[in-house]
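Reviewing the structure listed below.
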Amino acid sequence: MERKRETFGSRFAVVMAMAGSAIGLGNIWRFPYMAGEYGGAAFIIVYIAASLILALPIFFAESIIGRRSGLGTFGAMEKLAPGTGWKWVGLLTVLSPIIILSYYSVVGGWSVEYLFKSFEFARMQENEVTGFFGLFISSTWMPILAHTAFLLLVGGVVLGGVRKGIEQFTKITMPILFVLILVIAIYGLSLPGSGKGVEYLVKPDFSKLTPSTVTAAMGQAFFSLSLGVGTILTYASYMKKDENILVSGLGTAGFDLFFAILAGFAVMPAVFAAGIAPGAGPGIVFETLPYIFNKMGAASPLLCTGISFLFFFTILAAALTSAISMMEVGVAFLTEEKEMHRWSAVLLITGFAWIVGVLCSLSFGPLSGVKILGNSIFDFLDKLCSNWLLPLGGLLFTLFVGWKMSPSDVFDEFTNSGTLKANKAVFKTVMLLIRYVAPAGIIAVFISLLV
Ligand code: TRP
């Protein structure tokens, strides 16, 4: 059945939606602590290289598949390679973003809680502040409530559809986010003692460069650009035929990198100014920053509350625009392939992600004893997705475009039937990356993970 499919209204809308997907907890929460753990500037250099050489080709591969087929990930595989095993790749990449959505919403929920908590940091005792994160995430009901609120917000936007929901929401939110992160970064840089943090982020110490740094940087690049699970593929399927795949890819990757580095500048100088170790791990944003806000609160409660609120608002909004893109993958599948109504599709996915998310949330508290292969439920799902499913999906997408699709179709899609001169000129390089470099890089990561 041919149904009229929605599209994004303009190039600006495409880039904002894709940047909205890319920019999220991965940039503000994950990137600063990964950079902190893996040696600062040296990690950042590898991360930038991995983004350009490995991640960007996957981005183009997903864009080509999505727009060529004009369908979500499962439908795309069926249409471009009918009757082959590739449909299982389609199915895998429908399921994995829903799993990511489940645990991502738990952390999204934390940012909802912290938004409200911002009004209290100034008045809390120091030990109350430092102990809060641990108490909060290990409790039963509050994190579940926050997770529920977050998922309902996501579902609400996705329900609005591509134009009226996703496009409207991201077009308004993303420019605000850029201004906010800039304000916060400038504030962080103005703190006394922040110079060490800057130095940490720009002065590479290559002795810190180990194979695990490289693996971590690649994983971060894939996660941050939302690759390997059909998110970009699905969004690209909403691109009009005269949009430019090269430009939207470069634009999205550029914004994503820029935002991650700004987030680093927003977080690290403050961390150093407070005399905290940069490798403090995943707690850096939720534990360390409130501690810093609390210290500021002694001098100026209003400034403390204001900066804290802006900061957690930024995290929440960024997380929402990313979670929306994860939900849309499943919604596209259910509405296109299963002929479901949009609202029942949203309800079904929200319900599923809610249940799995509740288990993830409880795995910080009452269910902390439940281990899967030695990991808590949350950690297991995160590792399964970040370390395995994303690179695997990315690998399969590059192989599909590089070796399964006909080269003339790929050329046609990338250059809009040969009309885009700039794209023609870079086509060969992109194909080289898609066919050889990206697959080889990903396989190398798998091997290093196994040994
Ligand atoms: N890229 C987002 C972030 O940085 C998260 C995200 C959205 C994602 N869609 C994805 C991660 C698909 C992996 C796969 O927070």
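In this text, all values refer to a predicted model and were calculated from it rather than measured experimentally. Read the numbers this way: they start at 1 and go in the same order the structure lists the ligands and their atoms. Sequence positions, counted from 1, serve as the residue numbers for this chain.
Partners of Lys164 according to the side chain to side chain donor-acceptor pair (under 3.5 Å) rule, which considers only residues two or more places apart in sequence or in another chain, do not exist here.
Comment: Glu6 does not engage Arg163 in a salt bridge, judged by the lack of any side-chain N to carboxylate O separation of less than 4.0 angstrom. A salt bridge is defined here as a Lys NZ or Arg NE, NH1 or NH2 lying under 4.0 Å from an Asp or Glu carboxylate O, and Glu37 with Lys208 fails to meet this definition. Between Arg5 and Glu336, at least one side-chain N (NZ, or NE/NH1/NH2) sits under 4.0 Å from a carboxylate O, which counts as a salt bridge.
Residue Met174 holds its CE atom at 8.5 Å from CZ of Phe255, rounded to the nearest 0.5 Å.
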Could you check ligand 1 for N or O atoms lying under 3.5 Å from protein N or O atoms and list the pairs with distances?
| from | atom 1 | to | atom 2 | distance (Å) |
| --- | --- | --- | --- | --- |
| ligand 1 | 1 (N) | Ser21 | O | 3.3 |
| ligand 1 | 1 (N) | Ala22 | O | 3.0 |
| ligand 1 | 1 (N) | Phe223 | O | 2.8 |
| ligand 1 | 1 (N) | Ser224 | O | 3.1 |
| ligand 1 | 1 (N) | Ser226 | OG | 3.0 |
| ligand 1 | 4 (O) | Ala22 | O | 2.8 |
| ligand 1 | 4 (O) | Gly26 | N | 3.3 |
| ligand 1 | 4 (O) | Asn27 | OD1 | 3.4 |
| ligand 1 | 9 (N) | Ser226 | OG | 3.3 |
| ligand 1 | 15 (O) | Leu25 | N | 3.0 |
| ligand 1 | 15 (O) | Gly26 | N | 2.7 |
| ligand 1 | 15 (O) | Tyr104 | OH | 2.5 |

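Closest approach of Ala17 and Ile166 over heavy atoms only: CB-CG2, 4.5 Å.
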